[in-house]
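Given the structure is predicted, the values throughout are model-derived calculations rather than measurements. By convention in this document, chain letters (A, B, ...) are assigned in the order of the sequence lines, proteins followed by strands, and residues within each chain are numbered from 1.
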Protein chains: 2
Amino acid sequence: MKRLDCASCNIKSSAAKTLNVAELSIMGEHCSEVKFKKGETIFKENAFSSNIVYLKHGIVKIHIEGPNSEQIIKISKAPTYLGIPTTFDEKINRYSATALENTTVCFISLEMFKQFIRNNADFSYEIIVDLCKSELDSFNNTVNRAQKNISGRVADAILFFHKEIYKSKEFQIPISRIEFGNFVDTSRESVCRVLTDLDNGKIVKVRGKKITILDLELLKTISKNG
Amino acid sequence: MKRLDCASCNIKSSAAKTLNVAELSIMGEHCSEVKFKKGETIFKENAFSSNIVYLKHGIVKIHIEGPNSEQIIKISKAPTYLGIPTTFDEKINRYSATALENTTVCFISLEMFKQFIRNNADFSYEIIVDLCKSELDSFNNTVNRAQKNISGRVADAILFFHKEIYKSKEFQIPISRIEFGNFVDTSRESVCRVLTDLDNGKIVKVRGKKITILDLELLKTISKNG
DNA sequence: AACAATTTGTGATAATCATCACGTTTTTTA
DNA sequence: TAAAAAACGTGATGATTATCACAAATTGTT
């Protein structure tokens with residue numbers, strides 16, 4: 001296993017920031033860094049798992065094979081942990097993670113990670129804060145998926161890419177129309193139709209995967225009211 | 001504040017089980033036990049919050065006010081923590097909890113709870129395990145809500161009450177038809193129709209709120225395939 | 001027990017959205 | 001660079017489900 005110099009890593013998680021040099025050195029001995037290309041699977045549902053996965057660079061989708069199609073649960077951007085719930089409680093992964101662009105991840109030995117949690121309460125504290133945040137996100141997500149119509153959900157997704165991922169009004173969406181549908185609980189065709197409507201209304205300029213938000217306020221209104 | 005004798009409590013959370021007598025005594029000094037009647041609000045979305053809530057007895061619904069209606073995120077049964085994510089990261093509650101039957105909860109001082117997490121890594125560990133479990137549940141929920149049709153989701157809910165809450169084939173559902181709809185992302189009317197179909201097909205006997213599962217296997221099939 | 005209020009059940013109708021079909025464009029690969 | 005494969009856009013159609021309307025049943029109240 002490649003020895004990593006975690007102490008000098010400047011993309012530490014807030015949990016890792018609580019560790020001292022000695023602890024970071026131990027961590028480096030139980031870590032490996034791997035690069036993935038766009039489209040590659042980082043870890044897969046139902047596969048055995050004994051690593052915590054930390055996303056250092058890049059964007060990934062978290063997805064589960066549903067009864068009808070792939071369900072994209074969320075899209076995550078570095079830096080963040082990817083596989084804490086999936087590895088902590090279960091022996092097998094309960095969801096998959098796939099790179100949406102070239103990414104770098106650290107595979108951290110689960111045993112060592114648990115040691116840190118058991119021995120370092122500050123570390124645990126930060127992990128708990130993280131898990132709480134994602135649970136709240138997940139709850140909000142449930143409401144939005146359930147109660148908004150397709151236009152609202154597509155608008156939501158565009159606003160999500162704008163605010164959470166690219167922090168710009170102009171970006172390339174990292175997913176196909178099919179994946180977009182799997183992300184906002186609708187069909188590829190419906191996504192296309194909503195996008196052309198937004199384009200026709202000069203709210204969002206849509207050119208293939210390239211998105212330019214023209215009227216942010218109106219887009220927010222659509223996100224709220226559908 | 002009423003002083004509680006946490007040491008002698010036999011409904012301790014797995015986290016609280018890691019505490020020694022001295023710690024449990026401290027906990028008792030920073031806890032208060034409150035009883036709620038069916039229908040009463042335990043804590044409310046957008047209200048200020050400075051307590052961790054532990055459900056000792058009873059069943060509650062966790063809900064969020066959505067753009068169109070109340071969204072029931074989940075239904076939880078004692079013993080469990082209710083408000084970790086809502087209090088840990090935020091100053092205000094991000095969701096409400098309402099008693100579905102007479103319940104007993106402990107309000108635990110957030111400051112003290114954070115002290116335990118910072119000082120007792122075994123305690124933190126158990127909290128993390130809990131949070132991981134609920135995140136996984138939440139992910140599965142997302143898939144089921146998105147990809148199953150109404151029959152499947154209603155069947156799911158009945159199986160949920162059977163397996164997770166009452167552990168019996170016969171029970172009274174603790175929610176109205178409207179709430180049932182808010183729980184499985186549909187209208188009151190659609191819930192009624194699916195329930196009469198299940199009753200007509202002799203799969204589930206439905207008499208008002210009283211449910212008797214007659215054909216468990218068929219119900220599971222409906223849950224899967226709609 | 002009688003009344004009011006709420007909850008429930010069910011038919012009719014309308015809206016939303018999925019699916020199908022097919023042509024076009026873009027991307028990948030040989 | 002040409003061929004093949006994949007992704008995309010859009011119209012037509014049908015299925016699912018929401019909404020409306022109203023009667024029946026249940027629950028709560030005086």
Side-chain angles (χ1 to χ4, degrees), chain A residues 37-40 61 66-72 98 100-101 144-158 172-201 204-211 222 225-226, chain B residues 37-40 66-72 100-101 144-158 172-201 204-211 222 225-226:
Chain A
K37 288 186 191 144
K38 178 176 174 158
E40 285 185 326
K61 64 174 177 180
N68 300 315
S69 57
E70 169 192 80
Q71 180 72 38
I72 299 185
T98 302
L100 294 180
E101 57 180 36
N144 291 336
R145 286 177 191 256
Q147 296 199 14
K148 288 183 178 176
N149 64 13
I150 293 188
S151 305
R153 299 204 301 274
V154 170
D156 257 7
I158 295 172
Q172 298 269 128
I173 53 171
I175 52 176
S176 71
R177 295 293 191 263
I178 292 179
E179 290 174 304
F180 203 136
N182 295 339
F183 184 43
V184 302
D185 299 352
T186 190
S187 64
R188 171 186 74 81
E189 293 91 330
S190 294
V191 170
C192 288
R193 277 185 263 266
V194 172
L195 289 177
T196 39
D197 285 354
L198 290 173
D199 190 75
N200 288 338
V204 176
K205 188 172 160 194
V206 182
R207 294 292 173 275
K209 290 200 167 57
K210 187 175 171 190
I211 296 287
I222 293 170
N225 309 323
Chain B
K37 288 185 192 146
K38 178 177 172 157
E40 285 186 325
N68 301 316
S69 58
E70 169 192 78
Q71 179 72 40
I72 299 185
L100 295 181
E101 58 180 36
N144 290 336
R145 287 178 191 256
Q147 296 200 15
K148 288 184 179 178
N149 65 11
I150 294 188
S151 305
R153 301 203 300 273
V154 170
D156 256 7
I158 295 172
Q172 298 269 129
I173 53 172
I175 52 176
S176 70
R177 295 294 191 263
I178 292 179
E179 290 174 303
F180 203 136
N182 295 339
F183 183 44
V184 302
D185 300 352
T186 188
S187 64
R188 170 186 76 79
E189 293 91 331
S190 294
V191 171
C192 288
R193 276 184 262 266
V194 172
L195 289 178
T196 41
D197 285 353
L198 290 173
D199 190 75
N200 288 337
V204 176
K205 188 172 161 193
V206 181
R207 292 293 173 276
K209 289 200 168 57
K210 188 175 171 190
I211 295 286
I222 293 170
N225 308 325

Any side-chain heavy-atom pair from [X] and [Y] closer than 4.5 angstrom?
X        : Y        : result
B/Val184 : B/Ile150 : no
B/Ile222 : B/Leu198 : yes
B/Ile211 : B/Ile158 : yes
A/Thr186 : A/Arg153 : yes

For A/Val191 versus A/Arg177, what's the shortest heavy-atom pair and its separation? CG1-CD, 4.0 Å
Would one find a side-chain N or O of A/Ser176 under 4.0 angstrom from OP1 or OP2 of D/dA6? no
Atom pair distance, as rounded to whole Å: [atom1] in [X] and [atom2] in [N]:
X        : N      : atom1 : atom2 : value
B/Gln147 : C/dC17 : CD    : P     : 17 Å
A/Glu179 : D/dC8  : CD    : P     : 9 Å
B/Phe180 : C/dT7  : CZ    : P     : 17 Å
B/Ile178 : C/dT6  : CD1   : C1'   : 9 Å
A/Arg207 : D/dC8  : CZ    : P     : 15 Å
A/Asp199 : D/dC8  : CG    : P     : 15 Å
B/Gln172 : C/dT7  : CD    : C1'   : 15 Å

Decide, yes or no, whether a salt bridge links A/Asp156 with A/Lys148 under the criterion of side-chain N to carboxylate O below 4.0 Å. yes
Is B/Asp199 salt-bridged to B/Arg207, going by a charged N under 4.0 Å from an acidic O? yes
Between B/Asp185 and A/Gln147, do the side chains contain a donor N or O and an acceptor N or O under 3.5 Å apart? no
Which protein N or O atoms sit under 3.5 Å from an N or O of nucleotides 24-30 of chain C?
none

Of the listed nucleotides (D/dT10, C/dT7, C/dG9), which one gets closest to any side-chain atom of B/Lys209? C/dT7
What one-letter contact string describes nucleotides 12-30 of chain D from 5' to 3', where B marks a base within less than 4.0 Å of any protein heavy atom, S marks contact via sugar-phosphate atoms alone, and - marks no contact? B----SSBBB---------
The criterion is side chain to side chain contact (heavy atoms under 4.5 Å, CB included); which residues satisfy it with B/Ser176, sequence neighbours excluded? B/Ile178, B/Glu179
